[in-house]
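What follows is a short report on a single structure.
First the proteins, then the strands, lettered A, B, ... as listed; each starts at 1.
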Number of protein chains: 4
Amino acid sequence: MRSKDELKQEAIFKATIKLVNKIGFVSSSVAKIAKEANVSPATIYIYYKNKEDLLITTYAEIKKKMSVALLKNFDDSKPFRDILFVFWKNGFEFVAKNRELYMYAEQFANSPYSENVDHKELEKHFEPMIKVLQNGIEQKVIKDVSFEILATFIFYPIMIMSNSKISKALELNEKNIETGFQLGWDAIKL
Amino acid sequence: MRSKDELKQEAIFKATIKLVNKIGFVSSSVAKIAKEANVSPATIYIYYKNKEDLLITTYAEIKKKMSVALLKNFDDSKPFRDILFVFWKNGFEFVAKNRELYMYAEQFANSPYSENVDHKELEKHFEPMIKVLQNGIEQKVIKDVSFEILATFIFYPIMIMSNSKISKALELNEKNIETGFQLGWDAIKL
Amino acid sequence: MRSKDELKQEAIFKATIKLVNKIGFVSSSVAKIAKEANVSPATIYIYYKNKEDLLITTYAEIKKKMSVALLKNFDDSKPFRDILFVFWKNGFEFVAKNRELYMYAEQFANSPYSENVDHKELEKHFEPMIKVLQNGIEQKVIKDVSFEILATFIFYPIMIMSNSKISKALELNEKNIETGFQLGWDAIKL
Amino acid sequence: MRSKDELKQEAIFKATIKLVNKIGFVSSSVAKIAKEANVSPATIYIYYKNKEDLLITTYAEIKKKMSVALLKNFDDSKPFRDILFVFWKNGFEFVAKNRELYMYAEQFANSPYSENVDHKELEKHFEPMIKVLQNGIEQKVIKDVSFEILATFIFYPIMIMSNSKISKALELNEKNIETGFQLGWDAIKL
DNA sequence: GATGAATGAGTGTTCATTCAT
DNA sequence: CATGAATGAACACTCATTCAT
């Protein structure tokens, strides 16, 4: 028998992301993805149960890559502010180098498919960051407020500033990225 | 007095938002919107050029309502921090009272249709807020950084904290809303 | 607005039967039926909820025509044997003149769709025949056995003898039809 | 001892019948049959030329089993009526014990595949019954009419009475089976 | 202005069959 | 012999839009 062709699955993965970026989530049909991947529509159904499975799995894959990227050079022993700054820079670097992955994730998160994702499972990859914030609270370095509020000012700004419409107006150079971090830090620090 | 057609257009407007909230952007077809509005599909094409026009116009309408809501009780003579706090509270109030409008806008902003919106035109409604921030910079009350970065910490957090998934975890009571504002303020203040 | 075109519905009805006779129940797709009826596939869904609805409604229509045909020249006052003979002849006549309708019904009855038919409703059209048999039993003209068994020998043989494979071997002339009735009559008479 | 392949072919045979009974003729795809038989779709094409071949061969196999069953306890020397009654009872017994085989045959006979069966070949298995009837005619025990008409009243009623819809209304107990035979006998006897 | 009928092109998915191992 | 991967064509059905009234 023929063995599963990993190149094919990779091609489908990439085609999915590429097409969603090119024509948007709504218009990305299975047939078009198949054509982009140089594959028969039926082949997609060998690797994925259905369209939803394809889109969700692709999203999960991206999220995993993101978490790995954010944790690059993670060093527990560094000063607290430096640890956060590394997260911050990693975030912008990931978006810069993987615009397509990032934008797919953005579109997916606002689609109805998003409701069927096992978010608990995906958030596990981001636990180190949560722990860092908890340490910061315990060591009285940052304000003692809920994780969601902290994240709103120190993690989500990465996404907002990276957002295509905003980043068109806002040049994402070293200086602006550092300025942004300074504001985020001022927001949460004690 | 309203003429008959305005009633119809209003019905279509409401049906569009209701349906997008019920079944999502992707599944909301013209036929279904027509049925929800108790109107023939053909009727929609009297008031709107095509589906895209319907969705975009609906979005623009919502954005206008949003800007009006944000500017409620706007008083130039108040202290700077108070002016911003009123914006902030108005934002949360609008989302709380108009969840459906807000969620439609969220979904729309991440759809490919969004690219065809005349954002410049829409942003005009938000000019007062931009001017307030500019005043703040001139009066050396807040940091002298680009408008986009400031907005990231004092306007966008409203959207993030209102996001359904986050606001499920984060109870949006008076206290959390004020805490959020405190962080935003600390981020931008000099 | 355009009014529903009865010619169109009629065309779909006829195309359905014609195609099922030409290529069989299994291969008769909606697209093929549409082409046969010179109509868009989408048009079929204006007149019928879905494929099942199309097939079932077509079947019901045929059954109604059948019952009407069987009851032709029905005369309660005739001798019992004569009444039955009229049913018998009407049956063969209907099959002879409406081979396609009859064969559609045959195929349908053995399809899984058949399970979703409201048989109770359809059988109402055949009540006169049931009543005739009941009278026969009461008047001690025919055997007092269950209706199903009686029907097996005096109604179903019409179908069996009309069956294409059998009727190829068995010439369905006046004589054979009368001979068949004689056997059926001998079976049930007291 | 059976070789490995015969086991596989047997598995495919059983799976085909089981599946057709479970989900109907129309929905029974090669892939599903393969899964039911715990076999690869490709394997089916080793034993059968194509789907049609699979279905036809399965039908022929069943027909052979049927004829063997009908001829159980066949004894030329018994009185004529008794011989027929044994056929009759064997028929009902076969259906009772092999509902699935019988129902597959019913569904198949009304499918377009049926046209491609070599009926002549299959009917050979039923020759003894034909001969019995011929003897009956010669011995002036039964009416001198064509075989098809005789069969209509003494063989086909087995199938009609066994039909799932009818046999739901008609309890197939010893008494009803014997009553049925009496009617059939009255039909054909001289 | 308002409608439901009508449609070709598209949807996601499964089909019978073949291929490479 | 036996397999799961692979596929183009087909499936039932819905789409955004236009037509005739």
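Phosphate proximity of dA5(F) to Tyr47(A): absent, as no side-chain N or O sits under 4.0 Å from OP1 or OP2.
For Tyr45(D), taking side-chain heavy atoms from C-beta onward, the closest of the listed nucleotides dC15(E), dA16(E), dG12(E) is dA16(E).
Smallest separation of non-hydrogen atoms from Ser67(A) and His125(A): OG-CB, 3.2 Å. The shortest heavy-atom contact between Met66(A) and Ala105(A) is CE-CB, 4.0 Å.
A donor-acceptor contact shorter than 3.5 Å links the side chain of Tyr102(B) to the backbone of Met159(B).
If you check every strand for non-hydrogen atoms under 4.0 Å, Lys49(A) touches nothing. Using a 4.0 Å heavy-atom criterion, one finds that Ser29(C) contacts the sugar-phosphate atoms exclusively. Nucleic acid contact for Val30(A): base, since at least one base atom lies under 4.0 Å from a heavy atom of the residue. Among the atoms of the strands shown, only primed sugar atoms or phosphate atoms (P, OP1, OP2) are found under 4.0 Å from some heavy atom of Lys32(C).
Nearest-nucleotide positions on DNA chain F for Pro41(C) and Pro41(D) put Pro41(D) closer to the 5' end. For Ile46(B) and Lys8(C), each mapped to the nucleotide of DNA chain E holding its nearest heavy atom, the one lying further toward the 5' end belongs to Ile46(B). Residue whose closest nucleotide on DNA chain F sits further toward the 5' end, between Asn50(B) and Ala42(D): Ala42(D).
Looking at residues 14-27 of chain B, you'll see that no heavy atom sits under 4.0 Å from any atom of DNA chain F.
Legend: residues meeting side-chain contact (heavy atoms from CB on, under 4.5 Å) with Tyr45(A), ordered by chain and number and at least two apart, are Val30(A), Asn50(A). With sequence neighbours excluded, the residues that form a side chain to side chain donor-acceptor pair (under 3.5 Å) with Thr57(A) are Asp53(A). Every salt bridge (Lys or Arg N to Asp or Glu O under 4.0 Å) that Lys18(D) has, sequence neighbours left out, goes to Glu36(D). Looking at residues two or more places apart in sequence or on another chain, you find a ring pair (Phe, Tyr, Trp, His ring centres under 6.0 Å) between Phe108(B) and Tyr59(B).
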Given the rule that a pair is Watson-Crick or G-U wobble with both distances under 3.5 Å, how would you write DNA chain F in dot-bracket, using | for pairs to a different strand? .||||||||||||||||||||

